[in-house]
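Remarks on the structure that follows.
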Number of protein chains: 2
Amino acid sequence: MAIDHLDGALIELLAREPRIGVLEASRRLGVARGTVQARLDRLQSNGVIRGFGPEVDPAALGYPVTAFATLEIKQGQGGDVRAHLATVPEVLELHTTTGHGDMLCRLVARSNADLQRVIDRVVGFDGIVRASTAIVMENPVPLRIIPLVKQASGD
Amino acid sequence: MAIDHLDGALIELLAREPRIGVLEASRRLGVARGTVQARLDRLQSNGVIRGFGPEVDPAALGYPVTAFATLEIKQGQGGDVRAHLATVPEVLELHTTTGHGDMLCRLVARSNADLQRVIDRVVGFDGIVRASTAIVMENPVPLRIIPLVKQASGD
DNA sequence: CCACCTGCTAGGCATCATGCCCAGCAAATG
DNA sequence: CATTTGCTGGGCATGATGCCTAGCAGGTGG
């Protein structure tokens, strides 16, 4: 479960050059191929590395607008709301949270006007009492994991 | 820039079985290898597919607590705050937004107690006026892109 | 103190995928 | 009508992969 320095270096290497093979990785890290293979297997069965799925940019798909919506849910309707939001393709992510809102979701849309349509679809559901939306203007720190990996592997 | 059905099917296939090769993908999709290769190249240079980096689970690294913090920033301090947050490994993501808060960031921590430390570090900076934090309890819809890809490629 | 187990190294081997080439062909474009 | 673009189907050399063996160091428990 804990990660050591070699694991960390391997993850960093894979993040920088994803198309690298096991053999090339072993050369870069200066260890035997079998070691890299074993570490990779372990990281994957550990769940540390969930997979190597393609990272798709919604903007390049024609959805350049991102927003976060905080939703307030009617008591006991949580399950229904979840199921409803799961059917909306523009909902990229949904969390239930503590705090004032009950749920937080990430939305994308084709334009600011289109965002209105998406929000209407999201909140046009009985269990949702109130929604407050924050439109993303900039993304100074895109989703990243490497700094955390470095910290977890002892810098 | 727009995506057709074959592109969509290719992305879905890669998302389901990331370790698949170009050759195997071409067999599954029933097209020639060169076609898959060309589509993949195009999707990558288009920026639709940003890469194939490993998806690392923070929980498996020992950071099972996720939270979203809404920050209010003192006028003119935006740049400094951004730079500050970029140095905190537990800040996985940072957006500037419209709405009441000025920024929204995703945090992880080793525990609820540790989250206090992280928040102190995040807000312990001059330009930040106020912070409100929502701790994630559940994640009913994990970050996903496939439904959007299907929609963008014409179902 | 010894036996054991685990993790890393180093190598061998057959199979398979890759990158790169070609020529042919169909549809869309000018 | 000529050209361009995208897909097909194939060939070929190189390289990576999956799977195996054997040796060796370190730590653990009897």
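A, B, ... follow the sequence lines: proteins, then strands. Residue 1 opens every chain. We use all heavy atoms of the structure for the numbers below, so side chains are in, but hydrogens, waters and symmetry mates are not.
With Arg144(A) contributing its side chain and Ala86(B) its backbone, the two residues share a donor-acceptor pair below 3.5 Å.
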Practice prompt. Could you walk me through whether Arg39(A) and Asp4(A) pass the side chain to side chain contact (heavy atoms under 4.5 Å, CB included) test, one step at a time?
Written response: CA-CA 10 Å; Arg39(A) 293 303 187 105; Asp4(A) 73 2; 2.9 Å; yes
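Side-chain atoms of Ile3(B) and Ile11(B), non-hydrogen and from C-beta on, do get closer than 4.5 Å to each other. With contacts defined as side-chain heavy-atom distances shorter than 4.5 Å, the pair Pro140(B)/Thr96(A) qualifies.
Taking 4.0 angstrom as the limit, Gln37(B) places none of its side-chain polar atoms (N or O) nearer than this to OP1 or OP2 of dT18(C).
Nucleotide dC20(C) holds its P atom 14 Å from the CG atom of Leu40(B), rounded to whole Å.
For the pair Arg106(B) and Phe68(B), the cation-pi test (distance below 6.0 Å, angle within 45°) is failed.
Salt-bridge check for Arg117(B) with Asp114(B): passed, with a basic side-chain N closer than 4.0 Å to an acidic carboxylate O.
Applying a 4.0 Å cut-off to non-hydrogen atoms, none of the residues of residues 4-24 of chain A approaches DNA chain C. For the segment residues 25-34 of chain A, residues with any heavy atom less than 4.0 angstrom from an atom of DNA chain C are, sorted by number, Val31(A), Ala32(A), Arg33(A).
Residues Leu85(B) and Leu92(B) fall into different hydrophobic clusters, defined by Ile, Leu, Val, Met, Phe, Trp and Tyr side chains chained together at heavy-atom separations under 4.5 Å.
Rounded to the nearest 0.5 angstrom, His84(A) NE2 and Arg121(A) CZ are separated by 6.5 Å.
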